[in-house]
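Each ligand, and each atom within it, is numbered from 1 in the order the structure gives. Position 1 is the first residue of the sequence; numbering continues from there.
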Amino acid sequence: MRAQGRFPEVRPRRLRTTPAMRRLVAENRLHAGDLILPAFVREGIDEPVEIGSMPGVVQHTRDTLRKAAAEAVSAGVGGIMLFGVPEFKDAFGSAGTDPDGILQQALRDVRSEVGDDLIVMSDLCLDEFTDHGHCGVLDSEGRVDNDATLRRYAEMAVVQAEAGAHVLGPSGMMDGQIGVVRTALEESGHVDTAVLAYTAKYSSAFFGPFREAVGSSLEGDRKTYQQDPANRRESFRELELDLAEGADMVMVKPGMPYLDVVRDYAERVDVPLAVYQVSGEYSMIENAAAQGLVDRDAAIMESLTGFKRAGADTVLTYWATEVAQRLRGL
Ligand code: PBG
């Protein structure tokens with residue numbers, strides 16, 4: 001670092017004097033196009049259903065999802081990540097591979113609405129579709145069966161690509177999932193369908209509110225497949241594997257408690273890096289703001305700017321459309 005002299009000639013506060021000066025010297029900026037909106041679509045409802053655990057977020061009908069996607073396009077949002085909530089679940093998560101399952105229908109709806117103006121992504125995981133709520137299928141002992149689950153993911157990859165997803169987001173933390181999904185896409189001719197790997201996905205209490213959002217039936221936890229919050233080195237191992245298996249983009253999830261991992265990845269990868277500001281992070285800020293504890297809009301912008309500063313390229317956030325509108329003065 002260059003010698004910079006010292007006080008009183010040197011005064012960092014000179015660069016903080018006015019909003020215009022602060023704007024000029026800001027090292028990181030949010031852009032609408034960096035933001036990805038996670039959205040829920042529920043089968044068999046006529047009106048959107050509010051999610052009590054996530055104030056301001058709804059389970060969409062197919063129709064209101066189309067509108068939300070169109071609104072995201074107008075706001076300049078970069079992408080939308082779809083989660084399906086089926087009417088019927090079973091042990092295999094059959095609705096997840098049914099070409100007419102709710103997620104596949106929603107993908108077709110949204111693609112016909114937005115074409116290529118918004119990157120349409122789909123969560124590739126079984127937990128929304130299984131009656132036991134795990135991210136995979138179970139063996140005879142009731143344990144999540146990694147390799148049997150991979151066969152289900154390969155099928156999901158093909159139906160989701162066929163339904164029009166530009167990007168698939170395998171989020172189940174099964175070993176080998178990225179390779180299996182890539183191979184299934186290649187073999188079915190979907191060579192341009194990209195894979196956003198949930199690479200460092202931690203077994204997190206901050207997913208709590210999401211469980212209501214997708215009507216999860218999970219009992220117990222996901223500790224045998226999601227990462228232990230205590231581990232950093234292990235996230236490098238996951239990263240190496242996902243890149244070797246062909247991930248086009250990688251993700252760290254949740255966001256705020258794992259900013260160190262975001263920074264680690266930013267220094268190591270040469271693919272785009274995403275971070276997911278999860279349901280618990282969202283609801284904590286909304287609830288704190290509702291109680292007058294923090295300035296809502298400022299807290300939202302600060303949390304998102306923190307991800308950019310840590311080195312993320314894109315951010316999944318339930319505030320994507322609202323923030324994009326604000327950034328563009330809409
Ligand atoms: C799994 C999945 C989860 C989330 C996204 N994908 C839940 C989990 O792993 O338990 C959580 C997202 C959030 O909390 O906002 N399909």
- Item | Atoms of ligand 1 close to Asp123 [distance to a heavy atom under 4.0 angstrom, numbered from 1] | 6 (N), 16 (N)
- ligand 1 atoms in contact with Asp127 (distance to a heavy atom under 4.0 Å): 1 (C), 16 (N)
- Message: Can a side-chain donor-acceptor contact be found between Thr305 and Asn28 if the only test is distance below 3.5 angstrom?
- Response: no
- Sub-4.0 Å heavy-atom contact, Glu281 with ligand 1: no
- Message: Testing Thr61, Val85, Val58 one by one against Ile45 for a side-chain contact (heavy atoms from CB on, under 4.5 Å), which residue passes?
- Response: Thr61
- Item | Numbered atoms and elements of ligand 1 in range of Phe83, under 4.0 angstrom, heavy atoms | 5 (C), 6 (N)
- Note on the structure: Closest heavy-atom pair, Leu168 versus Pro170, reported as atoms and distance to 0.1 Å, is O-CD, 3.2 Å
- For atom 14 (O) of ligand 1, closest protein heavy-atom neighbour: Ser279 OG, 2.7 Å
- Per-atom filter on ligand 1: closer than 4.0 angstrom to a heavy atom of Gln226 are 8 (C), 9 (O)
- With under 30° as parallel and over 60° as perpendicular, where do the rings of Phe236 and Tyr265 fit, or are they tilted in between? tilted
- Task: Indicate yes or no: at least one non-hydrogen side-chain atom of Leu304 is less than 4.5 angstrom from one of Val323.
- Result: yes
- Could you tell me whether Asp100 and Arg108 have a side-chain N and a carboxylate O separated by less than 4.0 Å? yes
- Item | Distance filter under 4.0 Å to Tyr318 heavy atoms, resulting ligand 1 atoms | 12 (C), 13 (C), 15 (O)
- Query: Would you say the side chain of Ser171 lies within less than 4.5 Å of the side chain of Cys135, judging by non-hydrogen atoms?
  - Reply: no
- Query: For atom 8 (C) of ligand 1, what is the nearest protein heavy atom, given as residue, atom name and distance?
  - Reply: Arg222 NE, 3.4 Å
- Item | Residue-ligand contact Gln277/ligand 1, heavy atom below 4.0 Å | no
- Mind checking whether Tyr282 has a heavy atom under 4.0 Å from ligand 1? no
- What part of Cys125, side chain, backbone, both or neither, has a heavy atom within less than 4.0 angstrom of ligand 1? side chain
- Message: Taking the basic N atoms (NZ, or NE/NH1/NH2) and the acidic carboxylate oxygens, is any pair closer than 4.0 Å for Arg211 and Asp127?
- Response: no
- Item | Note: Glu286-Arg296 ion pair, threshold 4.0 Å (strictly below) | yes
- Item | Side chain, backbone, both or neither: Val278 near ligand 1, heavy atoms under 4.0 Å | both
- 4.0 Å heavy-atom contact, Lys201 with ligand 1: yes
- Would you call the rings of Tyr276 and Phe83 parallel, tilted or perpendicular if under 30° counts as parallel and over 60° as perpendicular? tilted
- Item | Atoms in ligand 1 flagged as close to Arg211, the criterion being non-hydrogen separation under 4.0 Å | 8 (C), 10 (O)
- Item | Protein contact of atom 12 (C) of ligand 1 - nearest heavy atom, named by residue and atom, plus distance | Phe210 CD1, 3.2 Å
- Item | ligand 1 atoms in contact with Lys253 (distance to a heavy atom under 4.0 Å) | 2 (C), 3 (C), 4 (C), 5 (C), 6 (N), 11 (C), 12 (C)
